[in-house]
Amino acid sequence: MTNNPYQDDRGNKDATITKPGTGTVVEATGTDHAMSTENAFLIGDSMTGGYGKSGPDILHDCTIAVNKGEIAVIVGPNGAGKSTAMKATFGMLHLRQGSVRLDGRDITDLTPQARVAAGMGFVPQTSNIFTSMTVEENLEMGAFIRKDDFRDTIAQIYDLFPILKEKRNQAAGELSGGQRQQVAVGRALMTQPKVLLLDEPTAGVSPIVMDELFDRIIEVARTGISILMVEQNARQALEIADKGYVLVTGRNAHTGTGKDLLADPEVRQSFLGG
Amino acid sequence: MDFLNALVVLSNFVLIPAVAYGSQLALGALGVTLIYGILRFSNFAHGDTMAFGTMLVVLITYLFQSWGISLGPLPTALLALPFGILGCMLLVLFTDRAVYRFYRQQKAKPVVLVIVSMGVMFIMNGLVRFIIGPNDQRFADGERFIISVREFKQLTGLSEGLAIRTTQGITVVTAIIVVALLFWFLNRTRTGKSMRAYSDNEDLALLSGINPERVVLYTWLIVAALATVAGTLYGLDKTFKPFTYFQLLLPIFAAAIVGGLGNPLGAIAGGFVIAFSEVTITYAWKKVLKYLLPENLEPSSLMQLISTDYKFAVSFAILVIVLLFKPTGLFKGKSV
Amino acid sequence: MSETTKNIGLFALVACLFVLTGFMQSWNASLTILNMALISAIMALGVNLQWGFAGLFNVGVMGFVALGGLATVLIGAKPVEGAWSAGGFQILLALVLGAATVVAAILAYAKLTKGRMRNIGVVAILLVGFFIYRGVFDPGVAAVEAINPATNGNLGGLNWLAAARDSDVRSADLFVLLAWPVGGLLAAGAAWIIGKTALGLRSDYLAIATLGIAEIIIAIMKNEDWLARGVKNVSGLPRPVPYEVTLQDSASFVERANALGLDATTASTLWVKTLYAGLFAVVLILMLIMAQAALKSPWGRMMRAIRDNEVAAQAMGKDVTKRHLQIFILGSAICGIAGAMMTTLDGQLTPGTYQPLRFTFLIWLMVIVGGSGNNFGAVLGGFLIYFLWIQVEPMGAWLIDVLTSGLADGNPVKEHLKDGVAYMRLMTMGIVLLLVLRFSPRGLIPEK
């Protein structure tokens, strides 16, 4: 039973009266104290915190940063807090310590929506598209906060992901796994973000599709967008990464360029299977 | 000739009433399905919302009639309809502010909202009866028929007549206009699309910068309009009686669920499926069969499968059958 | 203030309401409300079992209550002479044939291979079965309904004892008590059918299923005159307590009444109501003890475990659907028993009075306001809400009188307000529910 009586449904799952899928985004409420800032493009600086004000800490003094136009990858064993660390930079975690800064601006206390407006794009791992809407409508919804004409952005995304142009009037839910990920990335790119956060973009797709997705991600980075990515496929991800973070139990275990980490015998031993 | 006569009888007693009733159910089910899609619960107060909106229309119609305003051959209620919609919108928005919004802020589980809607149902139920009383109200005026039985017989020379009542005509025309407007809104406008997006994936909609409160506001406005229109059309076609509207909840829910909850197209299909099955199964087929069968086979009984008192049973049976074979409804539900 | 004292205080407060009614209105009025409140509390216990323990959303309480009422007629009423031989057995045969048709269709569906042949076969079985059923059923009904239609025209009950007795002597008849468990069984049977279909599906559809079945049960009771005379009502049902007139004729009773300073008429009505209250209280206490025992038993703990985490319970090998079906049947049976008790109290069955607001949603209100998941809460809610349901009207009338005292009699506003008083209780109930949900969402006596 939860402590909040309003969230106690007694396990009722009667689909005739209630529709599953209530929003689960819990907005972070800030650290309640002022932050010092320094220059960095996106940096989650010495973050300590967990879900909810009273939840146990999941991150412990964890720092994640990405430079302009570069790809940073977070890897680590299961339950290391990889996704949590990324969500923390996006305002979906209650931080007790540390700060998050975007292009020098302290955004620690902003809501996720405000961070989108500030120039961040986020692609969740699951349910990251509007399945019942067409590909084009998905992109339009991505641009919801834009008041200007975004047709050229759509055109750019179609250039980047030509298959989407072909299927633009098809419901996104009918596409294959790899295509859905492209829609998800495309949707996040519609706000023309300066940083793109990807939570395991290659989860559940075939190796060939994975390679193609990585190629696209590199292409996105070349346009000057910084990319912060959580990946299960550590080896492939580190190969394309400018910077890699290995997290263990919510702490920074190893940090370095992708190549360094791949070469590091300790990292190879423990995380890359030798 | 016999075949034509049979067809006319069929149209007169089955097709036309079912189309009119189906349109009314469809409009009601659309309201239920929109709330289910966006606010994620089944609104038990929907029947009473319909009753409230219709009550306003009835009262304003009486006022206009006392002023001598009329629409000529059309019912005065059409003139009163916009005011009724406006009043219903105000009530529904007030309810959302005073009641439902709190639970959204608490991120309450949908089933809590269902129980809350029971409370709202009690209040609206009492409110309507308090203002207008529990009795029947006939408020249809103007021309009674588009085409009457006598005119039809003279026109065609057939022995059976066909009557189309004005209210039936208005029901179908209004329903088509309203549904077209709604689909245009949901599929073509930015706000409409944002409503569909929110219904599809609340988290992602939030991350896309869609303001949930705005989506909810528009939803209630549309639902109030749909409920008032559906209720007024039903009242014009039959009569307005608060208890009947409360009872409409069952066929309306059945229609929405049969079609696939949360799917507007499904709500419309469901409305007609329920209406047609109710009317055909409770219709006495003797008159139609009289023309179609050779004389010696003519049925002696009324050939009525089930008495009209069991029309609820019909909608319910259809519902169970559909759910047994297609658990998400005819159209895949849960997506506006 | 400890939890127990608070709860005792709440019950005492509700008791005060009844005592106050006794002093301010009359003890007769107070006992009348109390009797129905006792029955309502039992209904609330049933719904609480389903919603509070298992999270099952039953919005067809009315149907189960009505089935209980039907049982009172079928068991407690005198048999109608010749009804069974005229058409009763034929009707029974028709019902068996109808059931056989449905079973045959289900079997055919399960056994035959998928394809057009199966569909045609199933439809054919249903169609042929339906016409056979109607062919047997209709004449039987006609024969039964032809028997003395002004007073009977129905099958009547199974109370042969009453038939053998001299009809002029009005005495207590304990046979009718048998109708209470039978009412429970009838409701349980209906619940089994609903639960089997609605709970077995991928996600459950219990809410709409119960909503629909309740309406259907009422429709059957209103229209099938052979069963319980439909809207023509069955009245004069035997009762388990003595009749007032009999008491008034008894010299010893009159003497005792006079000794207490009461006139015989008042004393007899009070005594009859008190006897009823005693009977109902015994049932309520029994139910409460059983519900508490169930709650604390391993079975109850498992129920709550399933409710709080169905996935984990399933992983531990619990058959969730089966448990849900059990508790749904049990809760519905309790509502059926309460329904039978209510019809016994009324002495008549009036299908037209069964309304979802009164018999489904009001019971829900009792459970929510009292405290879902807590048996004592449900009982308290039953007492409190039923008391309000009855007393809000006179209170509202008094309030309107005060508020409009400045207006002349016959003033249209005043008249309209007076006419509307009856509906103020609907609004009040809604407001009470919303206030409790908002400020005390777990109810007055929350689940521990």
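If you're wondering where the values come from, they're calculated on a predicted model, not measured in any experiment. Chain letters run A, B, ... following the sequence lines, proteins first, then strands; residues in each count from 1.
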Pair B:R40-A:T18, side-chain contact (heavy atoms from CB on, under 4.5 Å): steps then yes or no: CA-CA 6 Å; B:R40 292 171 195 279; A:T18 63; over 6 Å; no
Backbone of A:A15 reached by a side-chain donor or acceptor of B:Y36 within 3.5 Å: yes
Side chain / backbone / both / neither for B:L207 at chain A, heavy atoms under 4.5 Å: both
Best-contacting candidate, A:T191, A:T134, A:D9, against chain B by heavy atom pairs under 4.5 angstrom: A:D9
Side-chain donor/acceptor of A:K19 to backbone N/O of B:G37, under 3.5 Å: yes
Check: B:K193 side chain, A:M133 main-chain N or O, donor-acceptor pair, under 3.5 Å: no
Separation of B:K109 NZ from A:N12 CG (nearest 0.5 Å): 10.5 Å
Pair A:E137-B:R196, side-chain contact (heavy atoms from CB on, under 4.5 Å): steps then yes or no: CA-CA 10 Å; A:E137 283 172 337; B:R196 282 167 56 217; 2.8 Å; yes
Backbone N/O of B:N211 and side chain of A:Q113: donor-acceptor pair under 3.5 Å: no
Backbone N/O of A:F130 and side chain of B:N201: donor-acceptor pair under 3.5 Å: no
Side-chain touch A:R187/B:L204, heavy atoms, less than 4.5 angstrom: yes
Matching residue for B:D200 among A:I129, A:T131, A:N138 - test: side-chain contact (heavy atoms from CB on, under 4.5 Å): A:T131
A:K147 to B:R190 - nearest heavy-atom pair and separation: NZ-NH2, 3.4 Å
Any donor-acceptor N/O pair, B:S208 side chain to A:G142 backbone, under 3.5 Å: no
Toward chain A, the part of B:A256 with a non-hydrogen atom under 4.5 Å: neither
Top of B:I210, B:V114, B:V112 for chain A proximity - count of heavy-atom pairs under 4.5 angstrom: B:I210
Under 4.5 Å from a heavy atom of chain A, the part of B:F253 involved: neither
Greater than 12 external heavy atoms within 6.0 Å of B:F94's CZ: no
